[in-house]
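Working notes, structure below.
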Amino acid sequence: MKYNIFSNKHKTMKRISLCYVLVLLCAVVQGAWAQAPTPSTELEPYITTLNNRMVYKFNYPSTSVTGEPVVLSSLLCCWAPTTPPEDAAIESVHLYSHYTVSANSQCPTSATSKTADFVVLSILFEGGDYDEQTPFRSVVKRSIVIMPDYEGYGVSSDRTHPYLAEDVTAQQVVDALTYGLELYAKLDGADNTLPLKDDWRCFNIGYSQGGAVALAVQRYIEQNNLSDQLHFRGTFCGDGPYDLIATMRYYLDDDGTSYGVTTDHREDQVTLPAVLPMIMNGMIVSNPSMSSHKLSDYFAQTFLDTGIMDWLNSKTMSTDDINNAWLSQIDNGSVTIGEKTYPAPDNMNEMFFKQVVPGMIWGTQTVAWAKLDKIFTPDFYNYMKNPANFNSAPALTGNAYEDMRYALESNNVCTGWQPQHRIQFAHSKGDTVVPYGNYLAFRDAHPDGENDIYRIDDTFSDSDHLKSGSTFMTKLAIDFIDYFEWIDAAQPTGIKTMADVRSMMSDAWYDLTGRKLTGKPAKKGMYVHQGKKVVITQ
């Protein structure tokens, strides 16, 4: 009897101990999951099923929109032939800035081998034998493509994305380039990867939001004297919002006949309404002068009541998902997202209306367009509608509308610099989301450089933004050689070896939050140096 009592007690104690261990293990695992990301010390293989190509992920240290250290994420894709041609090497590096996304599943480090833009971009790093008829094709395609997520996506998805905050995003994209190349060099031939050729070239690419980021990246590289170190050649950008004031003025004033083409857009309409709160919120989080202002200063409460900020903040809904949610509110009076139902505001049909537009590739689709005089507050609408308010340079006054104009203008990438490398623009005159006036704003700021330092392809002017994007990506895949060769033709060769990129980072030390230090740390601890974790013991 005593034995049985002791045995049962012993079993109970064992169960309690086991449960305690399991609880501890869960706590440890949860703690590990909750840890902030740290800079990578090597590239992580991500997509390994592509013939003669490899795709990696990596985390890298950078600076946040608030000036604090931050760790961000990126893809690095490269030509990695199983049986390389004689003297094979990487001949170009493409820095790709992606278009507007609102769901984390759309960012580069969430891409799959079937993601549309990834399929097109993969052609840029598929390599191959030299084509004697078009030798520059091999220069462009024997390549690495670096695709950053931007702050607010990927490993930093818990942060607010500073939409169209151009200076900081440009710096973060360039940080991805330098850190990614350093980690690539550490592969030293693993996974069939190839060394960079001595005279490798760096090209800079982007469409839509990515087009504006790409232009800002060129400005950042040139103003910080990084062109030689990065073998920088120039930029190919399409339909980008380079001038946010010009974009807003188009929404307010266009009657469907701007730039010599006919569109369905009319005065006071916005054709992709989700971008407006993204723009305004981006200005609020990125510009210190905006810290005392809020979205309700600019948007009618009924517009905010649709649920738009919940949807954007969740980062689970694409702009197509948001469009469909508004369509449901128009048709059904409400929409249910997850477990929450969002009733349509009483004036839903005054704020929004349905419009049939061409699809990205074929057919048509129904979208929700919005009326600015209904989704803006009356005072902000009247301020933006009055041309007299735009006759002078914007200034910080503490007034919400003046400060917003100042913030929008401070992210103008057309003015305040003189490009030193060639820029190939592509822009549709029929784009009602990012109007052609953005290119004209750049041209007006640089009247003597057209067809010399920059040029425009506007031959697809009957296309709206989505279809124009499809054309842009197709040109990357099929007709890209002329663009890249034109960009490259005007540039000096630059410096010669990968060692120059390493030298940029040789003295750089970071703590595990991504903070760049002023030199080698004197304090004990773990740091990142030259892409490796280093422990300082004394």
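- Looking at His465 and Asp431, their side chains do bring a donor and an acceptor atom within 3.5 Å of each other.
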Verdict with supporting geometry, Ile322 and Leu312, side chain to side chain contact (heavy atoms under 4.5 Å, CB included): CA-CA 8 Å; Ile322 292 171; Leu312 289 174; 3.6 Å; yes
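- There is no side-chain donor-acceptor pair under 3.5 Å between Asp320 and Ser318.
- Between the side chain of Ser328 and the backbone N or O of Ala325, no donor-acceptor pair lies under 3.5 Å.
- Side-chain atoms of Tyr250 and Asn438 form no donor-acceptor pair, as typed in the model, at a separation below 3.5 Å.
- Residues Tyr46 and Leu75 approach most closely at CD2-CD2, 3.7 Å, considering heavy atoms.
- Here the CD1-CZ distance, from Ile456 to Arg443, works out to 10.0 Å after rounding to the nearest 0.5 Å.
- Between Tyr401 and Phe380, the two ring planes are tilted [angle within 30° to 60°].
- Going from atom OG1 of Thr160 over to atom CG of Asn313 covers 6.5 Å, rounded to the nearest 0.5 Å.
- Asp117 and His98 share no side-chain donor-acceptor pair at under 3.5 Å.
- Formation of a donor-acceptor pair under 3.5 Å by the Asn412 side chain with backbone atoms of Glu409 is not found in this model.
- Two residues are said to be in side-chain contact when any heavy atoms from C-beta on lie closer than 4.5 Å; Leu476 and Met473 meet this criterion.
- Exactly one residue among Asp253, Asp373, Asp379 makes a salt bridge (Lys or Arg N to Asp or Glu O under 4.0 Å) with Lys385. That residue is Asp253.
- Between atom CE of residue Met317 and atom CG of residue Asn104 there is a gap of 15.0 Å, rounded to the nearest 0.5 Å.
- Minimum heavy-atom separation, Ala407 to Met290: CB-CG, 3.9 Å.
- Without hydrogens or angle criteria, Tyr153 side chain to Val101 main chain gives a donor-acceptor distance under 3.5 Å.
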Would you sort out whether Tyr439 and Phe442 count as a ring pair (Phe, Tyr, Trp, His ring centres under 6.0 Å), showing the intermediate values? CA-CA 5 Å; Tyr439 167 71; Phe442 183 89; 7.1 Å; no
Assess the residue pair Leu230 and Val174 against the criterion (side chain to side chain contact (heavy atoms under 4.5 Å, CB included)); give the C-alpha distance rounded to whole Å, side-chain angles, the decisive distance to 0.1 Å, and a yes or no. CA-CA 9 Å; Leu230 297 178; Val174 173; 4.1 Å; yes
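- Side-chain atoms of Tyr163 never come within 3.5 Å of backbone atoms of His161 as a donor-acceptor pair (strictly under, hydrogens ignored).
- If you run ring-ring contact (aromatic ring centres under 6.0 Å, His included) between Phe472 and each of Phe425, Phe236, Tyr483, only Phe236 comes through.
- Judged by distance alone, the side chains of Ser289 and Asp403 never bring a donor and an acceptor atom under 3.5 Å apart.
- With a 4.5 Å cut-off on side-chain heavy atoms, Leu276 and Tyr298 do not count as touching.
- Under the 30°/60° scheme for interplanar angles, the aromatic rings of Phe303 and Trp326 are found to be tilted.
- Residues Cys77 and Val55 approach most closely at SG-CG1, 4.0 Å, considering heavy atoms.
- Considering only heavy atoms from C-beta on, Met280 stays 4.5 Å or farther from Met283 through its side chain.
- A cation-pi arrangement is not found for Arg233 relative to Phe484, the charged atom failing to lie both closer than 6.0 Å to the ring centre and inside a 45° cone about the ring normal.
- For the pair Asp167 and Arg219, the salt-bridge criterion is met [side-chain N within less than 4.0 Å of a carboxylate O].
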Checking side chain to side chain contact (heavy atoms under 4.5 Å, CB included) for the pair Phe352/Gln329: CA distance, chi angles, key distance, verdict? CA-CA 10 Å; Phe352 293 90; Gln329 288 177 321; 5.9 Å; no
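- Here the side chain of Asp297 pairs a donor or acceptor atom with the backbone of Lys294 at under 3.5 angstrom.
- Rounding to the nearest 0.5 angstrom, the gap separating the CD1 atom in Ile487 from the OH atom in Tyr454 is 15.0 Å.
- In this structure, the side chain of Asp464 does not engage the main chain of Leu466 through any donor-acceptor pair within 3.5 Å.
- With Val173 as the fixed residue, the side-chain contact (heavy atoms from CB on, under 4.5 Å) test singles out one of Ile146, Leu72, Val217, Asn204: Val217.
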Stepwise, does the side chain to side chain contact (heavy atoms under 4.5 Å, CB included) test hold for Gln172 with Thr63? CA-CA 7 Å; Gln172 292 170 350; Thr63 302; 5.9 Å; no
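- No donor-acceptor pair under 3.5 Å is formed between the side chain of Thr235 and the backbone N or O of Ile423.
- Side-chain atoms of Tyr207 come within 3.5 Å of backbone atoms of Gly469 as a donor-acceptor pair (strictly under, hydrogens ignored).
- Side-chain contact between Tyr242 and His427 is present, with at least one heavy-atom pair separated by less than 4.5 Å.
- A donor-acceptor pair is defined here as one N or O able to donate and one able to accept, closer than 3.5 Å; no such pair exists between the side chain of His265 and the backbone of Val433.
- Looking at heavy atoms from C-beta onward, Val270 lies in side-chain contact with Ile375 at the 4.5 angstrom threshold.
- Using modelled atom types, one finds a donor on one side chain and an acceptor on the other under 3.5 Å when comparing Asp310 with Tyr342.
- Judged purely by distance below 3.5 Å, without hydrogens or angles, the side chains of Tyr220 and Glu166 never pair a donor atom with an acceptor atom.
- Inspection of the Asp457 and Thr459 side chains reveals an N or O donor paired with an N or O acceptor under 3.5 Å.
- In this structure, Tyr406 places its OH atom where only 12 or fewer heavy-atom neighbours from other residues, nucleotides or ligands lie under 6.0 Å away.
- By the side-chain contact (heavy atoms from CB on, under 4.5 Å) test, Asn386 is found to be paired with Ala388, Asn389, residues two or more places apart in sequence or in another chain being considered.
- With a 4.5 Å cut-off on side-chain heavy atoms, Asp488 and Phe203 count as touching.
- Summarising the geometry of Ile123 relative to Arg53, their closest heavy-atom pair is N-NH1, 4.4 Å, with the distance given to 0.1 Å.
- With contacts defined as side-chain heavy-atom distances shorter than 4.5 Å, the pair Trp369/Val357 qualifies.
- Counting only heavy atoms from C-beta outward, the side chains of Phe118 and Leu50 approach each other to under 4.5 Å.
- Residues Arg405 and Ser392 come closest through the heavy atom pair NH1-O, 2.9 Å.
- With salt bridges taken as basic N to acidic carboxylate O contacts below 4.0 Å, none links Glu44 and Lys57.
- Atoms OH and SG, on Tyr150 and Cys107 in that order, are 11.0 Å from each other to the nearest 0.5 Å.
- Between the side chains of Ser468 and Thr471, no donor-acceptor pair of N or O atoms lies under 3.5 Å.
- The CD atom of Gln269 lies 11.0 Å from the CG atom of Asp255; values are rounded to the nearest 0.5 Å.
- Proximity of a side-chain donor or acceptor of Asp175 to a complementary backbone N or O of Tyr60 within less than 3.5 Å is not detected.
- Between Asp452 and Trp486, the shortest heavy-atom contact is O-CZ2, 3.6 Å.
- Gln218 and His421 form no side-chain donor-acceptor contact under 3.5 Å, judged by distance and modelled atom types alone.
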